[in-house]
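Quick notes on the structure that follows.
Residue indices begin at 1 and follow the sequence shown. Hydrogens, waters and symmetry mates are skipped; everything else that's a heavy atom, side chains included, is used.
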Amino acid sequence: MKLYWVKTNAFIRRVFSNYIWLLPNNDKKVYLTFDDGPIPEITEWILEELQMHNAKATFFCIGKNVEANPELFEKIIAQGHSIGNHTHNHLNGWKSNTTEYLENFQNCEQTLSKFSAKLNYVLPKFFRPPYGKIKKSQAKIIKNKGYKIIMWDIVSGDFDCKISKEKCLNNIIKNIEAGSIIVFHDSLKAYKNLKYALPKVLAYLQENNFNCVQLDTDIKLPKN
């Protein structure tokens, strides 16, 4: 049984209005995001696809993956994409106490800062909780540090082994609108669906005059 909304319910957006779910605009801008990387087998291919379609994105990185693949992380930045914090070890906030969760968040922050500094890249204060699960106490402290908590308008379902690659594509095409924040994953689990859907989504966006831009194009906030 599917346990996620492809298109985030409007009631949920209202209840959790202190999080960012979408960015409505009149310029047909959309916001592609990629969670869980960087992973050599996947992220490198994603960067090639984005470059071919002149698209920019935001990568929510896991700290331990950045430590393992620093050159790939630096390549994301060098190609003009943005970076966000996704915890150091992909923690589920609902299953973690606040102290543990914040330490993991800070470990990721330190790792991202260390490697981005080599390129004089100033990290935007973006945080996406893994699984979208975060306690109010955790969110309050992270927001007090100046971070914006970024959720999503559309979940591609690329990670869902029970759906077809065609369904993954249709999840995006049927629900996209100006301002949509779209979740993909640069992970091995998602690769089969992602490899089919991403090029077709990028082509669709180009053909329909959508602009793929980084989140910090339209979210202005203090930086580190």
Side-chain angles (χ1 to χ4, degrees), residues 2-36 56-62 81-87 90-106 108-109 112 122-160 171-185 201 205 210-224:
K2 183 166 68 67
L3 298 176
Y4 57 92
W5 279 301
V6 169
K7 183 80 168 176
T8 300
N9 185 282
F11 175 74
I12 295 297
R13 296 202 308 265
R14 288 195 297 272
V15 170
F16 297 99
S17 59
N18 55 331
Y19 304 156
I20 295 175
W21 299 92
L22 72 168
L23 295 167
N25 63 81
N26 297 317
D27 302 316
K28 298 196 75 172
K29 287 185 284 189
V30 296
Y31 308 87
L32 303 183
T33 66
F34 296 87
D35 290 3
D36 300 351
K56 300 300 181 186
T58 303
F59 288 77
F60 286 90
C61 296
I62 295 174
H81 306 291
S82 292
I83 299 294
N85 185 320
H86 200 47
T87 75
H90 205 259
L91 291 194
N92 183 328
W94 292 1
K95 296 180 180 180
S96 307
N97 67 56
T98 297
T99 299
E100 175 192 12
Y101 195 76
L102 291 172
E103 286 178 354
N104 208 267
F105 159 81
Q106 289 169 341
C108 183
E109 181 182 56
L112 299 183
V122 182
L123 283 168
K125 289 189 172 183
F126 294 148
F127 178 68
R128 173 172 285 160
Y131 314 103
K133 295 178 179 178
I134 186 169
K135 295 175 184 175
K136 186 181 293 186
S137 59
Q138 297 161 349
K140 181 178 179 180
I141 295 171
I142 290 172
K143 284 173 65 65
N144 284 343
K145 291 178 178 290
Y147 277 77
K148 298 290 188 181
I149 295 179
I150 311 295
M151 294 299 196
W152 51 77
D153 176 43
I154 300 171
V155 174
S156 67
D158 53 358
F159 60 90
D160 189 344
N171 284 344
I172 307 295
I173 300 301
K174 291 184 178 180
N175 290 291
I176 200 162
E177 59 183 302
S180 287
I181 299 174
I182 304 158
V183 178
F184 290 106
H185 294 81
V201 167
L205 293 173
F210 283 97
N211 299 308
C212 299
V213 300
Q214 313 96 306
L215 286 167
D216 49 334
T217 300
D218 295 301
I219 300 176
K220 305 304 178 186
L221 72 177
K223 296 185 179 182
N224 293 335

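Between Ile134 and Tyr19, the closest side-chain pair of non-hydrogen atoms falls below 4.5 Å. Between His86 and Asp36, some side-chain heavy-atom pair lies under the 4.5 Å cut-off. Asn18 has its side chain out of reach of Ile149: every pair of non-hydrogen atoms, C-beta onward, lies at least 4.5 Å apart. Side-chain contact check for Met151 versus Pro129: some heavy-atom pair is nearer than 4.5 Å. Contact check for Arg13 versus Asp153: side-chain heavy atoms found under the 4.5 Å cut-off. Residues Lys145 and Gln106 have side chains in contact (heavy-atom distance under 4.5 Å, counting atoms from C-beta outward). Side-chain contact between Leu23 and Ile219 is present, with at least one heavy-atom pair separated by less than 4.5 Å. Under the 4.5 Å side-chain criterion, counting only non-hydrogen atoms from C-beta, Trp152 is in contact with Thr8.
In this structure, the side-chain hydrogen bond (donor to acceptor under 3.5 Å, both in side chains) partners of Asp218, at least two apart in sequence or on a different chain, are Lys29, Tyr31.
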- Task: Given side-chain contact (heavy atoms from CB on, under 4.5 Å), test Ile181 with Ile154 step by step and report yes or no.
- Result: CA-CA 6 Å; Ile181 299 174; Ile154 300 171; over 6 Å; no

- Query: Could you go step by step and tell me if Leu205 and Cys212 meet the side-chain contact (heavy atoms from CB on, under 4.5 Å) rule?
  - Reply: CA-CA 8 Å; Leu205 293 173; Cys212 299; 3.4 Å; yes

- Task: List the steps, then state whether side-chain contact (heavy atoms from CB on, under 4.5 Å) holds for Phe159 with Asp35.
- Result: CA-CA 11 Å; Phe159 60 90; Asp35 290 3; over 6 Å; no

- Task: Please report the C-alpha distance between Phe60 and Phe127 in whole Å, then the side-chain angles of each, then the deciding distance to 0.1 Å, and finally whether the ring-ring contact (aromatic ring centres under 6.0 Å, His included) criterion is met.
- Result: CA-CA 8 Å; Phe60 286 90; Phe127 178 68; 8.3 Å; no

- Message: Is there a side-chain contact (heavy atoms from CB on, under 4.5 Å) between Phe126 and Asn85? Walk through the geometry before answering.
- Response: CA-CA 6 Å; Phe126 294 148; Asn85 185 320; over 6 Å; no

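Using a cutoff of 4.0 Å between basic side-chain nitrogens and carboxylate oxygens, Glu177 and Lys7 are scored as salt-bridged.
Judged purely by atom type and a 3.5 angstrom limit, His81 uses its side chain to pair as donor or acceptor with the backbone of Ala57. Lys143 places no side-chain N or O within donor-acceptor distance of the main-chain N or O of Gln138, the cut-off being under 3.5 Å. Between the side chain of Ser96 and the backbone N or O of Glu100 there is no donor-acceptor pair closer than 3.5 Å. A distance-only check finds a donor-acceptor pair linking the side chain of Asn211 to the backbone of Asp27 [under 3.5 Å]. With hydrogens and angles disregarded, no donor-acceptor distance shorter than 3.5 Å links the side chain of Ser82 to the backbone of Asp216. The backbone N or O of Phe16 lies less than 3.5 Å from a partner atom in the side chain of Trp21, making a donor-acceptor pair. Checked by atom type and distance alone, the side chain of Ser180 never pairs as donor or acceptor with a backbone atom of Ile182 at under 3.5 Å.
Here Leu123 contributes atom CG and Ile83 contributes atom CD1; the two are 7.5 Å apart, rounded to the nearest 0.5 Å. Separation of atoms OG (Ser156) and CG (Asn171) is listed at 7.0 Å; rounding is to 0.5 Å.
Counting non-hydrogen atoms of other residues, nucleotides and ligands closer than 6.0 Å to NZ of Lys28 gives a total above 12. Within a 6.0 Å sphere centred on CG of Asn144, heavy atoms belonging to other residues, nucleotides or ligands number more than 12.
In this structure, the ring of Phe184 has its center less than 6.0 angstrom from the ring center of Phe34.
Counting all heavy atoms, side chain and backbone alike, Leu112 lies closest to Cys61 at CD2-CB, 4.1 Å. Of all heavy-atom pairs spanning Ile62 and Cys108, the tightest one is C-SG, 4.5 Å. Across every non-hydrogen atom of Gly179 and Asn25, the tightest pair is N-ND2, 3.4 Å. Pairing each heavy atom of Thr98 with each of Ile141, the nearest pair is CG2-CD1, 4.0 Å.
Partner Thr33 forms a side chain to side chain donor-acceptor pair (under 3.5 Å) with one of His185, Gln214, Arg128 and no other, that one being Arg128.
Side chains of Tyr101 and Asn92: a donor-acceptor N/O pair is absent below 3.5 angstrom, by distance only.
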